[in-house]
Protein chains: 2
Amino acid sequence: MPFTYDYPRPAVTVDCVVFGLDDGDLKVLLIQRADKPFAGRWALPGGFVNMDETLDVAARRELKEETGLSCDYLEQLFTFGEPGRDPRGRTITVAYYALIRRAEHRIQGGSDAKEAAWFSLHELPSLAFDHDKILESAHKRLQGKVRYQPIGFNLLPLKFTLTELQKMYEAILDRPLDKRNFRKKILSMGVLERLTESQEGVAHRAARLYSFSKAKYADVVEHGFNFEI
Amino acid sequence: MPFTYDYPRPAVTVDCVVFGLDDGDLKVLLIQRADKPFAGRWALPGGFVNMDETLDVAARRELKEETGLSCDYLEQLFTFGEPGRDPRGRTITVAYYALIRRAEHRIQGGSDAKEAAWFSLHELPSLAFDHDKILESAHKRLQGKVRYQPIGFNLLPLKFTLTELQKMYEAILDRPLDKRNFRKKILSMGVLERLTESQEGVAHRAARLYSFSKAKYADVVEHGFNFEI
DNA sequence: CCAAAAGTGTTCTCCATACACCCATGC
DNA sequence: GCATGGGTGTATGGAGAACACTTTTGG
């Protein structure tokens, strides 16, 4: 069946807001653009969608190409398509946000990118295109979603302490949480596996390690339980 | 600045899941396709995005062209871009969902559409493309969002009774709500204007009419209140 | 023994839920 | 006067929020 639509078409790209955790600080991965437009400016990693790949795959591929990273969680965010958002011509971008376990990865600049680096959300440079708008909406989405879906674990090592877990939520939600209430709640959900091991190499009492259990989470959801921080 | 990217491009469309209320029943607006592919099948209203219009505008325009309707609320839902979802070739669709006050509008088939009609969510025909998937995710989004944002009012006449309001939520959430608790809660939010008028033309005690007040809602939000059903 | 973080319970308030009867109106 | 939906209050249980001290470990 031939495609009968031969009008001009917009270009379609994907862009990716990648979040990572640095102790108690939420960071975003940016690349420095090598080419015009906005050469030298910082931007979200991303690029054009190939004709035979899904949008998700395009997002993962571009991220890999430009920063060397694979993400642990990826979710479509929003599609931005204002005429004029790209000075080269009509470009529609499907934005994603991703979470990665920073400790386990090493970043490196790629083909279209001079350099890649992590920025704290409080010290962002001026960004190319409408990427500041995309970044802001990704941050809001993350803040909303992390409270009722167990996605935040993708920012932590597979084994973590309750304090690390709490700090992760505090970093994302940007407000302090009460230690006793937090522990009571998260433990009562029954989605954590308490490991026999403890923290090592700290100059104080070692904390117990925990891991997130997908199996326990599936059980709990099955029985109508709601995850909520 | 010339556009240096001259690879083949996917086609970009918008599709719209339009919800309307029919007494206690949530309905969706579908059109019957005039042309191939899927000629004669029911589908979501939608079509190609023009080069100089925003995505939102494209959604409203297509809706108007194919059904004669203007929507009271429109929100971007998700972008579907599987290669192969359109047999004519790679097509990426930005899906929207819309809410309209059915009582105030009259539908009519348009250019690309043989016919437009409302379907109950429980009696859906087989749909063209991946439109059943889009419809399902729109329904889920609506169920989620209606609980913490006052968007449901866009399905009701500007003046409504508390019973109509409750039935709207019951239709969307697909479960019964307790009358006294519902009234207590919605009134305590302080976002409704109680009008002096009452219902007319009913064969029983006439109910008080209310309207949603944007101003009151803005106040309440400003003071940190959370709308939640 | 000191510094640093781990770990632990109780009280109070508020909100969600469950639940049944009288009232006003049109026919 | 009867059928139909409109309108109202209270009691109970559970969850969220506030809050401070003891324990363990390494240096």
Side-chain angles (χ1 to χ4, degrees), chain A residues 21 23-25 144 146-148 156-157 159-171 173-211 220 223-229, chain B residues 21 23-25 144 146-148 156-157 159-171 173-211 220 223-229:
Chain A
L21 213 54
D23 189 27
D25 208 22
V146 82
R147 291 189 50 202
Y148 64 94
L156 292 177
K159 301 174 180 181
F160 49 82
T161 68
L162 294 183
T163 299
E164 288 168 343
L165 187 60
Q166 182 180 338
K167 278 193 175 172
M168 180 269 285
Y169 281 110
E170 290 177 331
L173 301 176
D174 200 26
R175 63 182 162 93
L177 299 173
D178 180 87
K179 182 161 70 161
R180 279 175 290 189
N181 292 336
F182 176 78
R183 286 168 180 237
K184 204 187 316 171
K185 183 151 197 185
I186 199 85
L187 290 174
S188 76
M189 289 181 193
V191 301
L192 296 186
E193 199 85 53
R194 179 175 170 150
L195 306 178
T196 51
E197 315 152 61
S198 290
Q199 224 179 4
E200 285 177 14
V202 286
H204 53 77
R205 174 173 178 179
R208 280 304 270 273
L209 290 172
Y210 291 80
S211 67
V220 134
H223 293 72
F225 185 85
N226 282 325
F227 182 91
E228 188 174 341
I229 301 296
Chain B
L21 213 55
D23 189 28
D25 209 21
V146 83
R147 290 189 51 204
Y148 65 94
L156 293 177
K159 301 174 181 183
F160 49 82
T161 69
L162 293 181
T163 300
E164 286 168 345
L165 187 61
Q166 181 180 341
K167 278 191 175 174
M168 180 268 285
Y169 280 109
E170 290 178 331
L173 300 175
D174 201 25
R175 63 183 162 94
L177 300 173
D178 180 87
K179 182 162 68 161
R180 279 175 290 188
N181 294 335
F182 176 78
R183 287 169 180 236
K184 205 186 318 171
K185 182 151 197 184
I186 198 85
L187 290 175
S188 76
M189 289 182 194
V191 302
L192 296 186
E193 198 86 54
R194 178 174 171 153
L195 305 178
T196 51
E197 315 151 61
S198 290
Q199 224 179 3
E200 285 177 14
V202 287
H204 53 77
R205 175 173 176 178
R208 279 306 268 271
L209 289 172
Y210 291 80
S211 67
V220 133
H223 293 73
F225 185 86
N226 281 325
F227 182 92
E228 187 173 341
I229 299 296

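Worth saying up front: this structure is predicted, and the values here are computed from it rather than measured. Naming convention: chains lettered A, B, ... in sequence-line order (proteins, then strands); numbering from 1 in each chain.
- Atoms CZ (A/Arg183) and P (D/dA17) sit 17 Å apart, rounded to a whole Å.
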remark   = Given protein heavy atoms under 4.0 Å, the one-letter contact record of nucleotides 17-27 of chain C, with B base, S sugar-phosphate only and - none, is simply BBBB--BBBS-
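- The CG atom of A/Leu165 sits 9.5 Å away from the CZ atom of A/Arg183 when rounded to the nearest 0.5 Å.
- Rounded to whole Å, the distance from CE on B/Met189 to C1' on C/dA16 is 12 Å.
- A close approach under 4.0 Å does occur between a side-chain nitrogen or oxygen of B/Thr163 and OP1 or OP2 of D/dG6.
- The CZ-P distance, from B/Phe160 to D/dG6, rounds to 14 Å in whole Å.
- Contacts of A/Thr161 with the nucleic acid, taken as non-hydrogen atoms under 4.0 Å apart, are absent.
- A heavy-atom distance below 4.5 Å is not found between the side chains of B/Tyr210 and B/Leu156.
- A donor-acceptor distance shorter than 3.5 angstrom exists from the side chain of A/Arg147 to the backbone of A/Ile229, with no hydrogens or angles considered.
- Across B/Leu195 and B/Lys159, no two heavy atoms sit closer than the pair CD1-CG, 3.6 Å.
- B/Asn226 has its CG atom 14 Å from the C1' atom of D/dG16, to the nearest Å.
- Atom CZ in A/Phe182 sits roughly 16 Å away from atom C1' in C/dT8 (whole-Å rounding).
- Listed for the B/Lys179 side chain is no donor-acceptor partner under 3.5 Å among the backbone atoms of B/Thr163.
- Rounded to an integer number of Å, the gap from CD1 of A/Ile186 to P of D/dA15 is 16 Å.
- The nearest whole Å value for the distance from the CD atom in B/Gln199 to the P atom in D/dG5 is 11 Å.
- The backbone N or O of B/Leu177 sits less than 3.5 Å from a side-chain atom of B/Gln166, completing a donor-acceptor pair.
- Among the atoms of the strands shown, only primed sugar atoms or phosphate atoms (P, OP1, OP2) are found under 4.0 Å from some heavy atom of A/Arg208.
- For B/Asn181, the side chain to side chain donor-acceptor pair (under 3.5 Å) test picks out B/Asp178, B/Lys184, with sequence neighbours left out.
- Here the C1' atom of nucleotide D/dT8 and the NZ atom of B/Lys185 are 19 Å apart, to the nearest Å.
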